[in-house]
Amino acid sequence: MMTRKRRRWISRAAAVLGISGAAALALDAAFPPPRLDDSNLSRILLAEDGTILRVATTMDGKIRLATRATDVDPRFIRLLVAYEDRRFYSHPGVDPVALLRAAWQGVSNGKVVSGASTLTMQVARLLEPRPRTVRAKAIETMRALQLEARLSKDEILGLYLTLAPYGGNLEGLRAASLAWLGKEPGRLTDAEAALLVVLPQAPSRLRPDRHPQRARAARDTAASRLAIASASSSSRSSMVSS
């Protein structure tokens with residue numbers, strides 16, 4: 001039988017949770033995450049056959065083309081998630097497993113060894129750039145939770161595919177694919193997908209037109225890592241099924 005003291009404790013805990021939840025909702029409504037609209041995108045002039053004749057830069061001097069997840073070769077999406085955020089489809093914007101791993105590695109090595117930014121957190125940073133500080137990271141984390149509450153996973157991917165930096169004034173996968181590969185991103189080879197996955201990691205240092213050897217080496221490294229991860233995953237699946 002529940003004692004009076006225990007009932008009082010549960011009542012107070014419920015009240016605290018209720019107040020905290022209401023405060024969180026109020027803050028979320030008062031400070032919604034920024035949005036990307038057509039004014040932030042490049043205008044395109046097309047020929048009658050659909051060929052791109054001209055792409056205008058945005059007000060901030062970028063070539064930024066809207067890109068949806070459904071416009072992209074599925075193998076690129078698989079590679080991107082495997083390379084950047086393996087638990088993308090299961091976490092709420094923040095990956096507790098990655099956070100704990102990064103913290104443990106940092107303590108063990110005395111320096112940052114691996115990051116814990118999810119694709120959603122990267123989108124939050126791309127929408128609202130800030131200097132890389134602890135405060136900025138905290139805001140980025142909260143923004144990621146807000147984005148996940150408002151958008152589907154495909155919509156979040158679409159924002160990343162539109163905003164990710166690809167060197168120079170190129171932003172987004174479609175702009176990068178057209179500029180660096182001369183093709184739309186709807187059909188990519190494994191090598192092309194690997195290159196476009198790794199480029200946003202260091203867009204200036206890996207620009208294919210200025211640093212082709214670095215870009216090729218980074219592409220090959222990414223492809224190798226993904227091949228090993230894929231083989232390991234297949235091996236575990238076989239062991240489980242057998």
Side-chain angles (χ1 to χ4, degrees), residues 36 40-42 44 51-52 54-58 60-86 88 98 102 111-127 129 131-132 156-233:
L36 183 70
N40 303 120
L41 302 173
S42 295
I44 304 175
T51 303
I52 296 177
R54 182 173 177 272
V55 177
T57 57
T58 60
D60 55 353
K62 305 295 185 182
I63 295 178
R64 185 185 299 124
L65 304 177
T67 309
R68 298 172 300 178
T70 52
D71 297 330
V72 178
D73 192 318
R75 85 183 70 195
F76 174 86
I77 300 296
R78 290 195 297 271
L79 292 176
L80 175 67
V81 171
Y83 191 79
E84 289 282 354
D85 188 357
R86 288 182 297 166
F88 173 70
K111 62 179 180 178
V112 176
V113 175
S114 65
S117 287
T118 63
L119 282 169
T120 315
M121 291 169 69
Q122 292 182 50
V123 167
R125 184 166 64 246
L126 291 168
L127 282 169
R132 305 300 292 275
I156 291 169
L157 279 175
L159 287 172
Y160 179 86
L161 297 173
T162 299
L163 294 170
Y166 275 94
N169 66 341
L170 296 175
E171 286 193 357
L173 182 69
R174 188 184 180 200
S177 186
L178 289 169
W180 302 137
L181 305 176
K183 62 191 291 189
E184 294 282 357
R187 297 190 66 180
L188 301 170
T189 66
D190 287 343
E192 290 168 342
L195 173 66
L196 294 175
V197 162
V198 76
L199 268 179
Q201 297 292 312
S204 298
R205 194 173 67 85
L206 299 178
R207 278 184 61 165
D209 59 334
R210 295 184 178 178
H211 309 290
Q213 291 182 332
R214 288 182 191 169
R216 192 177 301 113
R219 177 203 65 188
D220 293 345
T221 299
S224 297
R225 282 177 53 187
L226 293 166
I228 293 171
S230 177
S232 176
S233 177

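The shown structure was predicted, so the numbers you read here are calculated from the model rather than taken from an experiment. Residue numbers count from 1 along this sequence.
Residues Ile156 and Phe88 meet the side-chain proximity criterion, which asks for heavy atoms closer than 4.5 Å. The closest side-chain heavy-atom distance from Tyr166 to Ser177 is not below 4.5 Å. Side-chain contact between Asp60 and Asn40: absent, with no pair of heavy atoms (C-beta onward) separated by less than 4.5 Å. Proximity of Leu41 to Leu65: side-chain heavy atoms (C-beta onward) are nowhere separated by under 4.5 Å. The shortest side-chain heavy-atom distance between Pro165 and Leu126 falls under the 4.5 Å cut-off. Inter-residue side-chain proximity for Pro185 and Leu178 is flagged as unmet; no heavy-atom pair is nearer than 4.5 Å.
Summarising the geometry of Leu170 relative to Ala179, their closest heavy-atom pair is CD1-CB, 3.5 Å, with the distance given to 0.1 Å. Here the closest non-hydrogen pair linking Ala215 and Leu195 is O-CD1, 3.9 Å. Nearest heavy atom pair, residue Pro200 against residue Val197, reads CD-O, 3.4 Å. Between Leu161 and Ala69, the shortest heavy-atom distance links the atoms CD1-CA, 3.7 Å.
With sequence neighbours excluded, the residues that form a side-chain contact (heavy atoms from CB on, under 4.5 Å) with Ala202 are Arg205, Leu206. Shown here are the side chain to side chain donor-acceptor pair (under 3.5 Å) partners of Glu84, two or more places apart in sequence or in another chain: Gln122, Gln201. Under the side chain to side chain donor-acceptor pair (under 3.5 Å) criterion, Arg78 pairs with no residue, sequence neighbours left out. Applying the side-chain contact (heavy atoms from CB on, under 4.5 Å) rule to Leu127 yields the partners Pro34, Leu36, Val123, Leu147, Leu159, Leu163; only residues at least two apart in sequence or on another chain are considered. Under the rule for a side-chain contact (heavy atoms from CB on, under 4.5 Å), the partners of Ala222 that lie at least two apart in sequence or sit in another chain are Tyr83, Val198. Residues that satisfy the side-chain contact (heavy atoms from CB on, under 4.5 Å) test with Thr51, not counting sequence neighbours, are Ala47, Asp49. Listed by chain and number, the residues in a side chain to side chain donor-acceptor pair (under 3.5 Å) with Asp85 are His91 (sequence neighbours excluded). For Asp71, the side chain to side chain donor-acceptor pair (under 3.5 Å) partners at least two apart in sequence or on another chain are Arg68.
Here OH of Tyr160 is found 11.5 Å from OG1 of Thr120. Values are rounded to the nearest 0.5 Å. The OG1 atom of Thr67 sits 6.0 Å away from atom CG of Leu173, with the distance rounded to the nearest 0.5 Å. Rounding to the nearest 0.5 angstrom, the gap separating the CZ atom in Phe76 from the OG1 atom in Thr189 is 12.0 Å. For the atom pair CD1 (Ile44) and CD1 (Ile52), the distance works out to 5.0 Å, reported to the nearest 0.5 Å.
For residues 169-190, every residue pair satisfying the salt bridge (charged side-chain N to carboxylate O under 4.0 Å, His left out) rule, not counting sequence neighbours, is listed here: Arg64-Glu171, Arg75-Asp190, Arg174-Glu184, Lys183-Glu192. Applying the salt bridge (charged side-chain N to carboxylate O under 4.0 Å, His left out) definition to pairs two or more places apart or across chains, those involving residues 208-217 are Arg207-Asp209.
Side chain of Thr58 to main chain of Lys62: a donor-acceptor pair is present (N/O by atom type, distance under 3.5 Å, no hydrogens or angles). The backbone N or O of Ala56 sits less than 3.5 Å from a side-chain atom of Ser42, completing a donor-acceptor pair. The backbone N or O of Leu188 lies less than 3.5 Å from a partner atom in the side chain of Asp73, making a donor-acceptor pair.
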- [ ] In sequence, state the C-alpha distance, the side-chain angles, and the governing distance for Leu181 and Leu196, and then conclude on side chain to side chain contact (heavy atoms under 4.5 Å, CB included).
- [x] CA-CA 10 Å; Leu181 305 176; Leu196 294 175; 3.7 Å; yes
